[in-house]
Structure formats: structure tokens, C-alpha cells
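Each remark here refers to the structure printed beneath this line.
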There are 2 protein chains.
Amino acid sequence: MIVRMSTPDPARAVPPSAALLPVTVDVVALTVRDDALHVLLVERGVEPFRGALALPGGFVLPGERLAAAARRELAEETGVRPPGHLEQLRTYGPLDRDPRGPVLSVAYLLLAPEFGVVHAGSDAGGAAWHPVEPLLGAGPDDRLAFDHARILADGVERARAKLEYSALATAFCPPEFTVADLRRVYEAVWGVRLDPRNFSRKATTTAGFLEETGRTTSGGTGRPAALYRAAPATSGTGAAADARPADVDPDDAPASVPAVLDPPLMRPRR
Amino acid sequence: MIVRMSTPDPARAVPPSAALLPVTVDVVALTVRDDALHVLLVERGVEPFRGALALPGGFVLPGERLAAAARRELAEETGVRPPGHLEQLRTYGPLDRDPRGPVLSVAYLLLAPEFGVVHAGSDAGGAAWHPVEPLLGAGPDDRLAFDHARILADGVERARAKLEYSALATAFCPPEFTVADLRRVYEAVWGVRLDPRNFSRKATTTAGFLEETGRTTSGGTGRPAALYRAAPATSGTGAAADARPADVDPDDAPASVPAVLDPPLMRPRR
DNA sequence: TCGTTTTTCGTCATTCTGACGATAAGAGCG
DNA sequence: CGCTCTTATCGTCAGAATGACGAAAAACGA
């Protein structure tokens with residue numbers, strides 16, 4: 001059956017030569033767990049690629065927005081409405097990516113503190129966190145369904161790049177966190193070791209990055225650490241001329257539109 | 001009439017609940033002309049928004065790739081197959097953006113040296129270069145059709161950001177150019193004045209940016225300047241773990257996949 | 001109290017940038 | 001041919017940021 005979306009003014013119709021494409025959203029949900037970057041994957045319960053691991057996602061429904069579809073699919077497959085930063089990643093062309101025929105896929109990137117996966121969705125086996133590293137190796141085994149390995153690689157690279165010039169690393173952290181927590185995020189996402197002393201200097205002296213809560217950790221081993229929260233967004237939606245991230249989408253950005261790290265925190269180049 | 005794209009295996013069909021959406025591509029084609037950033041706009045010849053200025057673009061045809069559709073629309077509306085760097089910008093959701101109903105739009109960004117606009121397309125009045133600046137002001141007049149003002153703003157911001165950490169500014173230049181040409185690109189895109197001496201130092205000493213041709217300009221006023229070309233791409237397609245730009249798409253990237261500016265060339269902040 | 005661990009503060013050499021002086025190398029003109 | 005004008009390019013120097021690393025601070029456990 002063909003579902004044709006409503007056409008308010010039939011006199012101004014879409015040209016008949018235009019392709020009508022099914023559209024999916026796929027979500028690259030990243031988190032840091034045990035000092036390693038993890039991605040949320042589901043086991044596909046239906047063909048095609050039944051039994052294979054895949055990014056959570058599914059078809060956009062009539063009348064639905066893209067970001068809403070992303071959140072819906074995520075909720076359906078994890079049982080929770082995850083926190084974190086959701087932004088559009090990119091769109092993958094309709095050809096040669098789905099055995100069912102031409103399908104457009106709009107990928108979203110979610111950066112979030114680890115959240116529990118509650119229930120298995122309707123057409124997907126349980127969702128679970130998987131370490132990203134072996135999946136990027138792209139060995140002929142462990143292949144993800146569709147072109148999801150490539151989408152994952154793009155998402156990871158986007159996350160790595162954004163940590164350099166935005167305060168987005170805080171999206172991986174709980175509401176209150178220490179400088180060491182934040183450093184471990186950078187280390188996990190970039191796959192490098194950073195000097196704790198220099199990192200602390202950079203994180204605490206960069207304006208618009210951290211905000212102290214006044215409290216400290218206790219009970220752990222070692223000297224107690226100061227607790228911080230993410231600094232509030234620098235203000236206005238300012239999609240126009242000034243903001244550094246070009247992809248601040250009112251439809252995408254949840255609560256926190258993170259500030260810009262003015263002198264960027266660059267990953268070490270070999 | 002409904003055009004249903006072929007379904008290779010009917011047993012594995014797209015679920016009937018999925019929306020089938022018409023998809024357009026819109027191209028933000030930027031160039032530097034008379035030391036100012038310009039965008040290629042067409043005057044719409046058909047409803048909706050007949051007579052208004054709009055980004056060149058149109059519907060994706062059955063069996064067509066996104067980037068191919070972008071190049072086709074550009075060719076149809078300019079009469080030439082423009083040079084330059086084409087990359088995907090982002091996708092704009094299906095709702096509340098086209099009076100004809102839900103339409104998905106995948107925007108592309110083209111950075112190119114100025115190219116002549118040859119003929120007027122079928123359903124568009126002549127295409128022409130327009131200064132970007134007044135269009136970003138977003139005055140209630142001079143509004144672009146659809147949500148194209150927003151797409152333009154996103155494209156300009158993407159271009160501005162990319163000049164900081166990539167060698168993409170060379171995409172605005174002819175095959176051979178001087179350091180001053182390149183500086184004028186930065187000045188036009190960022191809307192700032194840069195010190196010619198410091199810019200020259202940065203451009204010529206950053207590895208992987210410029211390559212000297214050995215020749216110099218002649219005839220102009222002032223001391224002749226050395227001619228450079230863009231340094232060749234740093235190697236492999238390497239979409240994976242190492243390349244800085246996350247959006248190197250084999251489908252999008254034409255010849256030149258520009259290198260990374262290692263210490264970035266940051267625009268002056270305030 | 002002593003060692004262990006982790007956080008946080010300091011120091012210092014190096015690199016990069018912004019400001020700007022000075023020179024180089026043409027064209028145009030008397 | 002010399003003078004001037006203009007633009008390109010080289011140099012210098014102070015301030016900022018970074019990377020490497022020493023050392024003190026502040027807990028915990030034995």
C-alpha cells in the first residue's frame with residue numbers, strides 16, 4: 001500500500017516526476033563507559049540483515065519530523081528517553097544501501113552519559129552498548145547492517161572533532177562531574193592519554209566551559225576533586241553569523257547548546 | 001500520479017506505514033567576487049514563491065543520487081558544470097517548509113571560483129550572483145523562498161568554519177593564485193581584514209596548504225607575487241579515524257579533498 | 001604516622017600569533 | 001634613468017598558549 005502524505009493545495013502539487021522515497025533515521029548513540037567509547041546497537045529482528053547488529057533507527061512516519069523520529073526510535077528500542085545532545089549527522093543517499101530498494105537515511109548523533117537499556121523493541125533484539133573501537137577496524141566480520149559501519153565512522157569522527165572546539169564533552173557526563181571525569185571522556189573519545197595537569201589547567205581556565213558547584217567528591221581514593229557542571233549556553237539561538245557550530249538546530253538541540261572553546265583544545269597530532 | 005521506485009524483492013518491502021517523501025536538493029553555491037562573498041540565486045518561475053529569489057535546486061528523480069541531483073540542478077540552472085568543492089550541508093525536515101506539503105530537502109554547499117551563468121533554466125529565471133551580506137541580515141524584505149534564508153545562513157557558517165581548519169579556501173581560487181588572492185578569500189568570507197604579512201607567513205609555512213608553481217604574476221601594480229596552487233590532497237580517502245573533516249564523501253567530494261590546516265587559522269574573535 | 005593515590009598549583013622552554021618596521025621588486029612618470 | 005607609488009615578502013619582538021614535568025595538597029588505608 002502506498003501512503004501519500006497530504007497535499008494542502010492540489011493545484012500546487014509536487015511534480016509527478018519527483019521520486020517519492022521512504023526515509024529512515026538512524027541514530028549513532030555514543031557514550032563513554034569503562035574509559036572506552038561505546039555505541040548503542042540493536043540486533044535486527046527482521047529482514048533484511050536479520051540477526052546482524054545495526055544502529056537503532058527506523059522509518060519516518062507520515063507527519064513526523066526527523067528529530068522526532070530519531071527520538072521515537074531511540075525510545076522504542078531502549079525503553080527510555082535518553083538525555084544528552086542530539087544533532088543531525090548527515091544524510092545517506094538513496095541508492096545501493098538497502099536491499100529493499102532506494103531508501104534515504106538521515107543519521108543523527110547522540111552524545112550522552114551512559115543510560116540503561118530497558119526493553120527490546122518490537123522488531124529488534126535487545127539494544128546494548130558495544131565498544132566502538134573494534135567496529136571501526138571494519139574487519140569483514142562483525143560487520144554492521146546496511147552502511148551503518150560508515151555512518152558510525154562518520155559519527156565518531158564528528159564527535160572527535162567537536163570535542164576540540166566545543167564544550168560538548170560535557171554531554172557525556174552526568175550533571176555534576178570532576179575534571180578527571182571530563183578528561184577521561186576526551187581520552188576515551190580520542191583514544192589518547194592526556195596529561196592531567198595540563199588538561200586541568202585548560203579546562204578550568206577556559207571561559208564558558210565549566211562552572212564550579214562549590215562541592216567536592218568524597219570517599220574515593222586520592223585527593224577529593226572539585227565538582228563542576230557544564231557552563232550554561234552562551235545565549236541566543238544565534239544560528240547566524242556568530243556561533244561556531246553550524247548545526248544548532250532548534251529541532252535538534254535539546255536543553256544544552258554548548259559554548260565554544262575559544263582557543264580550541266586540540267587532540268595531539270601524533 | 002504516484003511514482004513508486006522499483007522494489008527488487010517484494011518479500012522484503014518497506015513497511016507500509018513508512019512515509020514516502022518527495023526530496024529536493026538545494027545548493028548553496030558560494031563564490032568570492034569583488035572582495036565580497038556571493039551566493040548563486042535563481043528567480044523562481046513557478047509557484048510556490050514565484051518571482052522570489054531562491055537557492056538553485058529541485059526534486060530528486062527516481063534512481064538518482066543526491067549529489068548527482070545537486071550537480072544536475074546546478075547545471076540546468078547555470079548552463080555550466082561548475083568547478084569547486086561540493087559537500088553535503090544538512091537536511092531540512094519535511095514539515096512546515098513547503099506549502100505543497102511535506103518535502104525533505106538535502107542542502108549542498110558548493111565553494112567555487114566565480115563561474116559565468118549561462119542560461120536561464122526551465123522553471124527558473126536567470127541565475128545570478130548576489131552578495132550574501134544583505135541576505136543574512138534577514139530583513140523582512142529580500143526574503144528568500146522557503147526556508148532558504150536559514151539554509152544559506154547555515155551554509156555560510158559552515159564555509160566560515162571550514163576555512164579555519166581546512167585548506168578549503170583554495171576552492172574559491174582559480175588553479176593558480178597568489179597569497180593575496182587567498183587572503184582576500186578569507187577576508188571576504190569572514191568579513192574581516194587580515195594582516196597581509198602575518199597571513200603570508202601562515203599560508204606559506206603551513207605544510208599541506210600551498211605548493212609553489214615557481215612562477216610569479218606580472219603586469220599588475222606593485223611587486224610581482226609568487227603563484228601557488230593548492231597542495232595535493234594528503235592521500236587516501238581515509239574517511240575513517242584520521243581525517244579531520246567528517247564529511248569527506250566519495251559521492252560528494254570531486255577532485256580535491258583538501259588537507260587539514262594543522263595549527264588552524266582562526267578568525268579573529270571580536 | 002606513613003605510604004599511596006589523585007588533584008591541583010607552579011615553572012620553564014617552545015611554539016604560535018598579532019603588531020609592525022623594513023626591504024624587495026615591479027610599474028608609471030618626469 | 002631616477003623618483004615615486006604600490007604591493008609582496010622578510011624580520012623582529014612581545015604576549016599567549018602549550019607540552020613536559022616538579023611539587024604540594026588532601027584524602028584513604030595499613
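As a basis for the values below, the full set of heavy atoms in this structure was taken, side chains included, without hydrogen atoms, waters or symmetry mates. Within every chain, numbering begins at 1; the chains are lettered A, B, ... in the order of the sequence lines, protein sequences first and strands thereafter.
- A perpendicular orientation is assigned to the rings of B/Trp129 and B/Phe115, their planes being inclined by more than 60° (bins at 30° and 60°).
- As rounded to whole Å, 10 Å separates atom P of D/dG19 from atom CE of A/Met266.
- For B/Arg201, there are no salt bridge (Lys or Arg N to Asp or Glu O under 4.0 Å) partners two or more places apart in sequence or in a different chain.
- As rounded to whole Å, 12 Å separates atom P of C/dT7 from atom OH of A/Tyr228.
- In this structure, of D/dA17, C/dT8, C/dT17, it is C/dT8 that holds the atom nearest to the side chain of A/Ala226.
- Between the OG atom of B/Ser166 and the CD atom of B/Glu87 there is a distance of 8.0 Å, given to the nearest 0.5 Å.
- Rounded to the nearest 0.5 angstrom, A/Arg33 CZ and A/Glu114 CD are separated by 4.5 Å.
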* With the sugar-phosphate defined as primed atoms, P, OP1 and OP2, and the base as all remaining atoms, what B/S/- string results for nucleotides 23-30 of chain C, 5' to 3', for protein heavy atoms under 4.0 Å? -> -BBSS---
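- What separates CZ of A/Arg215 from P of D/dA26 is a distance of 20 Å, to the nearest Å.
- Every pair passing side chain to side chain donor-acceptor pair (under 3.5 Å) that includes a residue from residues 180-191 of chain B is listed here, sequence neighbours excluded: B/Thr178-B/Asp181, B/Arg183-B/Glu187.
- Panel note: side chain A/Thr217, backbone A/Pro224; no donor-acceptor pair is recorded below 3.5 Å.
- At a cut-off of 3.5 angstrom, the base of D/dG19 holds at least one donor-acceptor pair with the side chain of A/Arg201.
- A salt bridge between A/Asp154 and A/Arg150 is present, with a side-chain N of the basic residue lying under 4.0 Å from a carboxylate O of the acidic one.
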* Report the C-alpha distance between A/Val179 and A/Thr204 in whole Å, list the side-chain angles of each, state the deciding distance to 0.1 Å, and finish with yes or no for side chain to side chain contact (heavy atoms under 4.5 Å, CB included). => CA-CA 8 Å; A/Val179 171; A/Thr204 55; 4.0 Å; yes
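- Straight-line distance from the CZ atom of B/Arg267 to the P atom of C/dT17: 16 Å, rounded to whole Å.
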* Stepwise, does the salt bridge (Lys or Arg N to Asp or Glu O under 4.0 Å) test hold for A/Glu157 with A/Arg267? -> CA-CA 12 Å; A/Glu157 176 51 32; A/Arg267 33 188 158 163; 3.1 Å; yes
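- Screening residues 211-224 of chain A for salt bridge (charged side-chain N to carboxylate O under 4.0 Å, His left out), with sequence neighbours left out, gives A/Glu176-A/Arg215, A/Glu211-A/Arg229.
- Axis deviation across the helix from C/dT1-D/dA30 to C/dG30-D/dC1 amounts to 10°, comparing end segments of five pairs, rounded to 10 degrees.
- The phosphate of C/dC16 (OP1 or OP2) has no side-chain N or O of B/Lys202 nearer than 4.0 angstrom.
- Looking at which nucleotide of DNA chain C each of B/Pro263 and A/Ala180 is closest to, the 5′-most match is held by A/Ala180.
- How far CZ of B/Arg160 is from CG of B/Leu37: 7.0 Å, rounded to the nearest 0.5 Å.
- Using a 4.0 Å cutoff on non-hydrogen atoms, the parts of residues 185-200 of chain B near DNA chain D are B/Arg197, ordered by number.
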